[in-house]
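Everything below concerns the one structure shown next.
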Amino acid sequence: MHRIGNFIHFRSSLSLSLSLSLCTELEKRYTQKRQIDSLRNTMPSLPSSWFFTTLLLCFFLHVTFAGDPYVFYDWTVSYTSASPLGVKQKVIGINGQFPGPTLNVTTNWNVVVNVKNNLDEPLLLTWNGIQHRKNSWQDGVSGTNCPIPAGWNWTYEFQVKDQIGSFFYFPSLNFQRAAGGYGGIIINNRPVIPVPFGLPDGDITIFLSDWYTRSHKELRKDVEDGIDLGVPDGVLINGLGPYRYDENLVPNGISYRIINVEPGKTYRLRVHNVGISASLNFRIQNHNLLLVETEGSYTVQQNYTNMDIHVGQSYSFLVTMDQNASTDYYIVASPRFVNSSWAGATGVAILHYSNSQGPASGPLPSLLGEDDPSFSINQARSIRWNVSAGAARPNPQGSFKYGDITVTDVYVILNRPPELINGKWRTTLNGISYLPPPTPLKLVQQFNILGVYKIDFPNRLMNRPPKVDTSLINGTYRGFMEIIFQNNDTTVQSYHLDGYAFFVVGMDFGVWTENSRSTYNKWDGVARCTTQVFPGAWTAILVSLDNAGIWNLRAENLNSWYLGQEVYVHVVNPEKDNNENTLPDNAIFCGLLSSLQKDQSHKFQFSVGSPFCSTSIILLFMLFLALLESLFWYVEC
């Protein structure tokens with residue numbers, strides 16, 4: 001389906017290119033004709049009015065179709081059978097693929113994805129890290145969109161405005177990510193902006209996920225009942241189980257991923273943790289990982305032998321195939337900060353050189369005592385922003401001097417492990433477990449419905465019993481917010497903010513205090529959208545609230561998120577913003593607005609709002625034919 005999207009973009013670009021070439025050719029031939037007529041001392045045989053009309057058409061063509069390109073995708077989301085760990089089970093695939101297809105686009109391109117829901121329950125896809133500038137309608141979470149009912153479709157339409165980097169998408173409702181439905185997003189630099197490293201010889205996307213053979217419905221029922229999910233049945237790499245590195249731990253007959261490479265070449269590996277709750281350490285036997293980018297920010301380039309990748313995080317590495325290929329090499333993803341009962345839950349793929357002399361064998365590359373959380377937190381601190389590199393724009397990333405901006409709002413957000421609230425297991429942030437209303441917050445705001453939510457989320461833990469509520473953070477538009485996450489749980493938690501990239505300025509063990517600010521990195525803290533918080537520790541971020549909308553702040557660990565560990569940040573421009581996207585024409589209505597919803601045909605189509613979907617493509621074709629006919633007529637003259 002990625003090929004279809006590229007083909008449609010190519011077709012539009014080709015038609016535009018040919019039409020503009022015809023314009024140029026007509027201008028050249030008209031000029032030549034005028035010169036010949038002048039030498040003959042005759043009047044021009046072709047009226048000037050015709051030429052100027054043609055130029056006007058060419059100008060209109062250029063203005064109409066020289067904007068940011070569009071790419072189009074048709075996706076059907078459905079269950080498909082797979083046996084990643086040797087046990088047949090239903091997984092969520094897209095167009096029959098598990099993992100799903102990759103969106104490969106360039107900065108400022110417009111993306112149109114028509115999603116048909118062939119599951120047996122409602123669906124939303126969210127685009128982890130895509131900022132949806134002034135367009136939270138496309139965010140694909142419960143606070144912004146009504147779910148796509150089973151058997152229905154909905155067309156997402158968004159622009160990857162001023163972004164580059166490596167991201168992924170996934171289903172955001174009902175624990176569905178535990179069954180798959182995820183895929184990669186690549187946003188390339190525009191040609192006019194150099195990448196701060198040489199062009200790699202290949203680009204490879206890798207998905208890591210802790211995995212259970214129980215269905216996502218069984219898993220969410222366990223979470224609702226307060227039952228710990230226990231040790232995963234395995235860790236998948238690109239939807240496949242482990243290579244049989246140990247006959248006692250890995251049964252025979254499991255398919256595993258092989259990544260084929262050429263000796264001496266350098267590849268870009270985009271690695272995503274799309275799992276449920278496990279932090280995973282990624283490493284490749286005998287190879288260094290040169291970190292170059294994370295979640296849309298180019299980093300200071302440093303070599304690592306391994307990298308801890310927490311739930312929801314994405315990294316790009318350059319890996320050079322500089323070994324002698326005496327054997328294949330292990331690619332390993334192993335859970336962090338766990339006991340020996342997790343030994344079998346290790347993902348193993350194979351790096352295969354074209355001149356490899358034999359299969360991989362022997363023990364997996366170990367962490368050499370690097371299983372202490374202190375190692376991991378120091379590794380996280382070492383990841384720095386490349387302040388001299390351009391990214392989506394030509395100016396250096398570091399030209400935004402976040403350390404000089406005055407903070408306008410401070411939130412210290414404490415989590416707690418699951419606890420019973422009103423007889424149900426819930427998780428909380430600052431003592432509040434988020435309750436999704438039947439009507440999405442964005443629709444409530446659009447139609448001025450009162451009493452659905454309150455903008456009173458506390459900036460610190462209150463001295464009161466925990467409760468279930470729909471309470472939002474009041475974000476000051478164009479303000480500069482400091483958020484401190486304090487992890488009172490016993491496991492690593494990671495937190496994600498939609499609509500923004502934030503600066504990770506500090507993290508440490510213990511309880512955050514005002515004095516902790518003296519340790520902040522005010523110069524080259526990396527900008528990203530998902531950060532980890534270690535147990536018994538804190539992480540501080542700074543974020544510029546320049547993107548109006550209602551944006552989801554959530555735990556990426558599925559069990560914590562599912563039980564209520566999320567909140568929305570309400571950012572409203574007090575002045576009328578004509579550039580902010582309005583309610584989409586194809587919006588689905590639910591909850592208090594269900595009466596506005598019309599039945600939807602099962603035949604799905606692209607959104608009529610897309611420029612190349614309707615009249616524009618017809619106009620382009622007509623102009624092309626008119627110019628072609630004019631050229632032929634002129635040649636005959």
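A quick note: this is a predicted structure, and the numbers were derived from the prediction, not measured.
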Inset, instruction - Begin from the C-alpha positions of Tyr568 and Tyr434 and carry the test ring pair (Phe, Tyr, Trp, His ring centres under 6.0 Å) through to its verdict. - result: CA-CA 9 Å; Tyr568 284 81; Tyr434 179 76; 5.4 Å; yes
Is there side-chain contact between [X] and [Y], with heavy atoms separated by less than 4.5 Å?
X: Asn260; Y: His352; answer: yes
X: Tyr267; Y: Val261; answer: yes
X: Ile186; Y: Val105; answer: no
X: Thr305; Y: Leu289; answer: no
X: Met481; Y: Ile483; answer: yes
X: Arg177; Y: Val311; answer: yes
X: Tyr156; Y: Leu125; answer: yes
X: Ile331; Y: Ile259; answer: yes

Electrostatic pair [X]:[Y] at N-O distance under 4.0 angstrom:
X: Arg554; Y: Asp498; result: yes
X: Arg381; Y: Asp508; result: yes
X: Lys134; Y: Asp546; result: no

Check whether [X] reaches the backbone of [Y] with its side chain - one donor and one acceptor, N or O, closer than 3.5 Å.
X: Tyr353; Y: Asp322; answer: yes
X: Asp139; Y: Val141; answer: no
X: Tyr402; Y: Ala527; answer: no
X: Asn547; Y: Gln131; answer: yes
X: Ser297; Y: Trp385; answer: no
X: Glu293; Y: Gly296; answer: yes
X: Ser376; Y: Pro373; answer: no
X: Gln138; Y: Asn135; answer: no
X: Ser172; Y: Gly140; answer: yes
X: Asn95; Y: Asp74; answer: yes

From [X] atom [atom1] to [Y] atom [atom2], the distance as rounded to the nearest 0.5 Å:
X: His287; Y: Asn306; atom1: NE2; atom2: CG; result: 15.0 Å
X: Arg220; Y: Leu563; atom1: CZ; atom2: CG; result: 12.5 Å
X: Ile413; Y: Leu429; atom1: CD1; atom2: CG; result: 6.0 Å
X: Ser314; Y: Asn128; atom1: OG; atom2: CG; result: 6.5 Å
X: Ile284; Y: Leu269; atom1: CD1; atom2: CG; result: 5.0 Å
X: Asn303; Y: Leu290; atom1: CG; atom2: CG; result: 5.0 Å

Taking atom types as modelled, is there a side-chain donor on [X] or [Y] under 3.5 Å from an acceptor on the other?
X: Asp308; Y: Asn281; result: yes
X: Asp201; Y: Thr266; result: no
X: Asn386; Y: Ser388; result: yes
X: Asn552; Y: Glu566; result: yes
X: Asn415; Y: Tyr495; result: yes
X: Thr299; Y: Tyr315; result: no
X: Arg283; Y: Ser334; result: yes
X: Arg190; Y: Thr107; result: no
X: Thr491; Y: Gln493; result: yes
X: Asn114; Y: Thr155; result: yes
X: Tyr79; Y: Gln89; result: no

Inset, instruction - Starting from the C-alpha separation in whole Å, work towards a yes-or-no answer on side-chain contact (heavy atoms from CB on, under 4.5 Å) for Phe502 and Leu542. - result: CA-CA 6 Å; Phe502 51 70; Leu542 298 174; over 6 Å; no
Inset, instruction - Step by step, work out the side-chain contact (heavy atoms from CB on, under 4.5 Å) result for Val112 and Tyr70. - result: CA-CA 7 Å; Val112 183; Tyr70 276 72; 3.8 Å; yes
Legend entry - Arg270: partners by side chain to side chain donor-acceptor pair (under 3.5 Å), with sequence neighbours left out: Ser166, Asp203
Legend entry - With Trp551 via side chain to side chain donor-acceptor pair (under 3.5 Å) - residues at least two apart: none
Inset, instruction - Assess whether side-chain contact (heavy atoms from CB on, under 4.5 Å) is satisfied between Phe72 and Glu157, documenting all intermediate values. - result: CA-CA 9 Å; Phe72 302 87; Glu157 185 173 342; over 6 Å; no
Legend entry - Cationic tip of Lys442 above Trp137 ring, under 6.0 Å, 45° of axis: yes
Inset, instruction - Check the pair Asp162 / Arg133 against salt bridge (charged side-chain N to carboxylate O under 4.0 Å, His left out), numbers first and verdict last. - result: CA-CA 9 Å; Asp162 292 337; Arg133 301 294 299 176; 6.0 Å; no
Inset, instruction - Just do the ring pair (Phe, Tyr, Trp, His ring centres under 6.0 Å) check on His272 and Tyr169 with the steps written out, would you? - result: CA-CA 10 Å; His272 311 273; Tyr169 60 85; 9.9 Å; no
Centroid-to-centroid, [X] to [Y], below 6.0 Å?
X: Trp127; Y: Phe158; value: yes
X: Phe168; Y: Phe207; value: no
X: Trp342; Y: Phe337; value: no

Inset, instruction - Kindly indicate, with the supporting measurements, whether the criterion ring pair (Phe, Tyr, Trp, His ring centres under 6.0 Å) is fulfilled by Phe98 and Trp211. - result: CA-CA 14 Å; Phe98 168 67; Trp211 192 261; 5.6 Å; yes
Legend entry - Passing option when Gln313 is tested against Gln532, Glu295, His496 for side chain to side chain donor-acceptor pair (under 3.5 Å): Gln532
Inset, instruction - Indicate the atoms forming the closest heavy-atom contact of Ile254 with Pro84, along with that distance. - result: CG2-O, 3.5 Å
Inset, instruction - Could you check whether the rings of Trp512 and Trp538 sit parallel, tilted or perpendicular, using 30° and 60° as the cut-offs? - result: perpendicular
Legend entry - From Tyr245, Tyr243, Tyr330, residue fulfilling ring pair (Phe, Tyr, Trp, His ring centres under 6.0 Å) relative to Tyr256: Tyr243
